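Data first, discussion second: the structure below is written as structure tokens.
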2 protein chains.
Amino acid sequence: METLRERKKQRTREALLRTALELFTTQGYEGTTVDDIADAVDVSQRTFFRYFAGKEEAALALQEMTVAHFLQAVRERPPHEAPMEALRQAVLEGWDALNDVIEAVVPVELYLRMYQVVESTPVLLAAHLRRSVEAEEAIARILAEREGVDMDTDPRPRLAVAVFGGVMRLTERQWSSGEDFSLDAMRALTVSHLEQVGPALSESWRTR
Amino acid sequence: METLRERKKQRTREALLRTALELFTTQGYEGTTVDDIADAVDVSQRTFFRYFAGKEEAALALQEMTVAHFLQAVRERPPHEAPMEALRQAVLEGWDALNDVIEAVVPVELYLRMYQVVESTPVLLAAHLRRSVEAEEAIARILAEREGVDMDTDPRPRLAVAVFGGVMRLTERQWSSGEDFSLDAMRALTVSHLEQVGPALSESWRTR
DNA sequence: TGTCAATTGTCAGAGGCTGTCATTAGCCTC
DNA sequence: GAGGCTAATGACAGCCTCTGACAATTGACA
């Protein structure tokens, strides 16, 4: 944050992002136009598009941070951990540290509300899912390197990540639609779901 | 297909769909405007939107058929099969019968080419993923009923489907980017991936 | 054949997004 | 600290997706 110019840019971006999220969570994503956001921040519509590739990018900026944060967490896992255990620990610790990461930009409460907007807005959910898939590719690469296997010939890295990703997305959805909408609840749901993957894949459920 | 009116409608819809897919696969999805499609079929742009909710819906019409077909296949699985086995059999048989289902509307070759367009066009991929997630919810419901469990208290139906869906989406992607782009190759990939889910989730991969 | 209803075309307009060009404002050197 | 340089912004103009409204057309049916 050296020059005045950069500080101004930073402030404009943050104002746009904060305002956008505020409007999205109050009037809904579709109910908010880019003009609404630009007007509220008192910049031209054109300027908005110079900071964000589109409305969607502003709406998913926090999710983007979450993903980056999670990727880093996976990279920092001790090498002796088994792949799935490394992923598991990365998410759990991730949820802990995320609070500070988010709070540095916007109130966490806004993040949580925005999560529900994403989950309940078809176009946003679609974009979110696509980004998740892209993240999975990156994670698979990290795992492959950790374990010293070749992703092009060994499908296990991508498979493990696909399974893990499937479970995590289910967890996200359950969380955002449940009543206890806190990071602690997310932790608990994550643990519970990962514990039950085995049973869910077992022979039959009726013998229980 | 009783009245002349209905026949005309059917023909218009098919012409729009076929033309749309043809253009998408030759000029790309983004490179094709709705006007291009409407003009080629000699219909007003407004009419296109009376048949398809949007450009996207036309592009994913075949995938929609595939999903519906797969859902039906799952429903028809014998009740004694374990959940994952029922899903597995449904996909495998699904790929067999799909040929006829598609060919009734457009050449299968167009379907295959369109698959690659979907996979390589961000907005289409995003929409496709969202639809897949919606389909997963429906499948979970079918499984829960088969097994006589309550989806609201037992996470296993959704978990099993999430895992299965994750694997299938990975399979789709590998398939569409591989060189052997046939339904047989898809079958083989499906079998192979499902076989390796277990190993991928096991402790460590280095002991191999 | 004439009435009714469904299908379509035309027009107007909102909203997302991009290219272009002039204007403004911070930065840096002499 | 004046002037030149460059980055940031604003102001248009325009394309594309999608929707509502109304008129014109065309098949259905008595």
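So that the names make sense, note that chain A is the first sequence line, chain B the second, and so on, each numbered from 1. Only heavy atoms go into these numbers, but all of them, side chains included; no hydrogens, no water, no symmetry mates. Note that the structure is predicted; figures quoted are calculated from it, not measured.
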Exercise for the section: Classify every nucleotide of nucleotides 25-30 of chain C by which part a protein heavy atom approaches to under 4.0 Å, writing B for the base, S for the sugar-phosphate alone and - for neither, in 5'-to-3' order. Expected result: -BS---

Practice task
Output yes when a side-chain donor or acceptor of A/S176 lies under 3.5 Å from a complementary backbone atom of A/R173, and no otherwise.
Solution key: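 Checking the backbone N and O of A/R173 against the side chain of A/S176, a donor-acceptor pair under 3.5 Å is found.
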
Practice task
Taking A/Y29 for its side chain and A/E56 for its backbone only, find out whether a donor-acceptor pair lies under 3.5 Å.
Solution key: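 Looks like yes, one N/O pair under 3.5 Å.
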
Could you state the atom-to-atom distance from [atom1] of [X] to [atom2] of [N] in whole Å?
{"X": "A/R13", "N": "D/dT9", "atom1": "CZ", "atom2": "P", "answer": "13 Å"}
{"X": "A/Q10", "N": "D/dT9", "atom1": "CD", "atom2": "P", "answer": "12 Å"}
{"X": "A/L16", "N": "C/dG16", "atom1": "CG", "atom2": "P", "answer": "14 Å"}

Practice task
For D/dA8, take OP1 and OP2 only and decide whether either is under 4.0 Å from a side-chain N or O of A/K9.
Solution key: yes

Handout entry: OP1 or OP2 of C/dT7 under 4.0 Å from side-chain N/O of B/Y51
Key = no

Exercise for the section: List in numerical order all residues of residues 21-50 of chain A for which some heavy atom is under 4.0 Å away from an atom belonging to DNA chain C. Expected result: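 The answer is A/T32, A/T33, A/V34, A/Q45, A/R46, A/F49, A/R50.
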
Practice task
Mind listing the closest non-hydrogen atom pair of B/A59 and B/F24 along with its distance?
Solution key: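 That closest heavy-atom pairing would be CB-CE1, 3.7 Å.
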
Problem - Among A/D96, A/I102, A/D100, the one residue meeting side chain to side chain contact (heavy atoms under 4.5 Å, CB included) with A/L98 - result: A/I102

Handout entry: Option from A/N99, A/T25, A/T66 for which side-chain hydrogen bond (donor to acceptor under 3.5 Å, both in side chains) with A/Y111 holds
Key =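 Answer to the side-chain hydrogen bond (donor to acceptor under 3.5 Å, both in side chains) test with A/Y111 among A/N99, A/T25, A/T66: A/T66.
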
Handout entry: Pair B/R169 + B/E136: basic N to acidic O under 4.0 Å
Key = yes

Problem - Residues A/R141, A/E145: salt bridge by 4.0 Å N-O rule - result: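 Not counted as a salt bridge, because no side-chain N and carboxylate O are separated by less than 4.0 Å.
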
Problem - Partner set under side-chain contact (heavy atoms from CB on, under 4.5 Å) for B/A135, not counting sequence neighbours - result: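 Scan of B/A135 (side-chain contact (heavy atoms from CB on, under 4.5 Å), adjacent residues dropped) gives B/V67.
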
